[in-house]
Amino acid sequence: MQFAGRRVAHAVTGDGPPLVAPAWWVSHLEFDWGDQAFRGFWESVGDGYTLVRYDRLGVGMSDRDVRDEDLTLDVDVALVGAVLDELGLQKVALVGGSSGGCAAIAFAARFPERVDRLLLYGAYAHGSSITSPAVREAIVGTVRSHWGLGSRLLADIFLGDTTGVEQERLARYQRAAASPETAAVLLELIYGNDVRSELGQVRTPTLVVHRRGDRAVPYQLGRELAAGIPKATLIPLDGSAHFPWAGDSYSVARALRSVLAPEPPARLAADPAAVLLSGREREVLALIARGLSDREIAEQLVVSQHTVHRHVANIRHKLGRGTRTAAVAEAARLGLL
C-alpha cells in the first residue's frame with residue numbers, strides 16, 4: 001500500500017474477525033514470520049482471526065526513506081487508519097505491543113467507532129518515563145554511532161534472561177531490519193511518545209498485560225497505563241523478556257486470548273474427557289516425554305518443524321500448561337501417557 005508517497009508493506013494471515021497489530025519499533029515482515037517463536041506466538045494469539053501486521057516506514061520491507069515529518073505519534077495513528085482503509089476494515093481489535101501501544105491507544109481514543117477491543121502488552125503512556133535522560137541518551141548514541149554494539153545492547157534489554165545465542169540472533173535481525181540512523185530516530189520517537197492525555201478518552205474494553213520483570217518497559221508503567229484507562233483490566237505476568245514471544249510466551253498468549261476467545265470452564269483440563277488430544281497430538285506428546293526436540297520429532301514423524309511446533313502449542317494449550325515439561329507432567333497425571 002502507499003502512504004505518504006511511499007510503500008508500506010503489510011501482511012494478512014488467518015481467517016476471521018480482524019486483529020491488527022500496530023507496528024513496533026523495528027520489524028521485518030518476512031524475517032519475523034520465518035522465526036519459529038514469533039510465528040508460533042502470533043498464530044496462537046490470532047487463532048480464529050485475520051491477523052494484520054505491517055512494517056512502518058523506514059524499516060523491514062517498507063520503503064527505507066524516513067523523513068522528519070514521519071516521526072510523530074499523529075503519523076503513526078494515521079498509518080493505522082490507512083492500513084484499515086486499504087484492507088476495507090471498519091471495526092477491529094487492536095493489539096498494541098511496546099511502542100505500538102501508543103499508536104493503538106491514540107487510535108482507540110480518537111476513533112472509538114473503529115475499535116471493538118484494545119489489547120496492550122508491555123506498553124506505556126509516557127516515553128520519557130521508561131528510563132532516565134542519561135540512559136536514553138547513552139542508548140540512542142550507541143545505536144547511532146556503533147550499530148553493532150547498540151543492537152547487542154538492545155537485544156540484552158529486550159530478551160531478558162536468555163542465552164547469548166538468542167541475543168546475537170536478535171542483534172543481527174535488528175541490523176537487517178533498519179539502518180543505525182533510522183533505529184536511532186525511531187528510539188527518539190519512542191522516548192518522546194506521550195498519550196497520557198488520551199487515556200481517559202478510551203472507552204473501548206481494554207486489557208493490559210505486562211511482565212513484572214520487563215527490562216525494557218518497567219512494570220510500573222503498565223500499572224499506570226491500566227489505572228489511566230477507564231475500566232481497563234491488568235494482568236501481571238512473571239518474566240523479564242520484553243518481547244512476548246520470548247520466555248514463557250504461552251502465558252502471554254493465554255492472557256490475550258482470555259479476551260479474544262474466552263474458554264468455557266470445560267476447556268480448563270479439569271478431567272481427561274475435556275482434553276481431547278488428537279491422535280497426532282498424542283504421538284507428539286509421547287515423543288516430547290522421551291525428551292525429543294521439535295526438530296527430532298519432525299524428522300521422526302516426517303513432517304515440518306513448524307507443524308510440530310503447532311502441535312506442541314496445541315498440546316500445551318489443551319493441557320493448560322505453559323511449558324513442555326509441565327504439559328508432560330499434566331498428561332501423566334491425567335493418564336494420557
Side-chain angles (χ1 to χ4, degrees), residues 11 13-22 24 27 32-53 92-98 100-101 104 117-123 158-162 166 205-214 216-217 219 222 226 233-264 267-269 275 277 281 284-285 288 294 305-328 330:
T13 54
D15 187 39
L19 178 65
V20 179
W24 286 42
S27 61
D32 283 336
W33 207 241
D35 180 82
Q36 181 176 326
F38 180 97
R39 182 168 181 166
F41 170 78
W42 281 110
E43 286 184 333
S44 295
V45 172
D47 185 27
Y49 283 79
T50 298
L51 175 65
V52 179
R53 301 176 296 122
V92 303
L94 286 181
V95 53
S98 190
R117 275 167 291 184
L118 176 62
L119 295 84
L120 303 170
Y121 167 81
F158 290 148
L159 293 181
D161 300 325
T162 57
E166 291 171 312
T206 302
L207 175 69
V208 178
V209 180
H210 214 109
R211 284 173 169 154
R212 292 186 178 90
D214 192 323
V217 178
Y219 171 64
T233 299
L234 172 66
I235 298 182
L237 299 175
D238 292 331
S240 60
H242 182 57
F243 288 167
W245 48 88
D248 183 5
S249 61
Y250 176 77
S251 293
V252 181
R254 191 174 188 181
L256 297 174
R257 291 290 295 181
S258 70
V259 170
L260 293 172
E263 294 182 355
R267 294 296 303 280
L268 296 180
V275 177
L277 293 183
E281 286 166 353
V284 172
L285 177 63
I288 293 173
D294 284 4
Q305 193 168 328
H306 170 65
T307 297
V308 173
H309 181 77
R310 286 298 306 277
H311 284 315
V312 173
N314 288 339
I315 291 167
R316 291 189 343 225
H317 176 70
K318 290 181 178 181
L319 293 174
R321 294 296 181 266
T323 67
R324 295 159 67 102
T325 302
V328 168
E330 179 66 7

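Note that the structure is predicted; figures quoted are calculated from it, not measured. The first residue of the sequence shown is numbered 1, and numbering continues consecutively from there.
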### Query
Quick one: does L94's side chain get under 4.5 Å of P22's, heavy atoms only?
yes

### Message
For a 4.5 angstrom cut-off between non-hydrogen side-chain atoms, does T233 reach V208?
### Response
no

### Query
Which pair of non-hydrogen atoms, one from L118 and one from A104, has the smallest distance, and what is that distance?
CD1-CB, 3.8 Å

### Message
In the structure I gave you, are the side-chain heavy atoms of S44 and N314 within less than 4.5 Å of one another anywhere?
### Response
no

#### Entry: Expected output: side-chain Y121 to main-chain L256 donor-acceptor under 3.5 Å
no

### Task
Measure from the side-chain N and O atoms of S240 to the backbone N and O of D214, and report whether any donor-acceptor pair falls under 3.5 Å.
no

### Query
Is it true that a side-chain atom of R254 and a backbone atom of V45 form a donor plus acceptor pair closer than 3.5 Å?
no

### Query
Can you name the nearest heavy-atom pair linking S258 to I235, along with the distance?
OG-CD1, 4.1 Å

### Query
Is the backbone N or O of A93 less than 3.5 Å from a side-chain atom of Y49, with the two atoms forming a donor-acceptor pair by type?
no

#### Entry: Check: H210 side chain, V217 main-chain N or O, donor-acceptor pair, under 3.5 Å
yes

#### Entry: Taking every non-hydrogen atom, the tightest pair across A246 and L159
CB-CD2, 3.9 Å

### Query
Within a strict 4.5 Å, meaning less than it, do heavy atoms of the L285 and L277 side chains meet?
yes

### Query
Are any of the side-chain nitrogens in R324 or D294 under 4.0 Å away from the carboxylate oxygens of its partner?
yes

### Summary
In short, V259 meets R117 closest at the heavy-atom pair O-NH1, 3.1 Å

### Query
Side chains of I288 and V312: does their closest heavy-atom pair fall under 4.5 Å?
yes

### Task
Return yes if a side-chain donor-acceptor contact under 3.5 Å exists between H242 and S98, otherwise no.
yes

### Summary
Nearest heavy-atom approach of T323 to R316 is C-CD, 3.7 Å

### W33 CH2 to S27 OG distance, which is reported to the nearest 0.5 Å
13.0 Å

#### Entry: R211 (side chain) donor-acceptor with F243 (main chain) under 3.5 angstrom
yes

### Message
I want to check something: taking the side chain as every heavy atom from C-beta on, are L237 and V209 in contact at a cut-off of under 4.5 Å?
### Response
yes

### Query
Going through the distances and angles, do Q305 and H309 end up as a side-chain contact (heavy atoms from CB on, under 4.5 Å)?
CA-CA 6 Å; Q305 193 168 328; H309 181 77; 5.9 Å; no

### Query
Under a 4.5 Å cut-off applied to non-hydrogen side-chain atoms, are L120 and T206 in contact?
yes

#### Entry: Validation row, ring centre W24 to ring centre W245 under 6.0 Å
yes

### Task
Would you give the length of the straight line joining atom CZ of R310 to atom CD of Q36, rounded to the nearest 0.5 angstrom?
12.0 Å

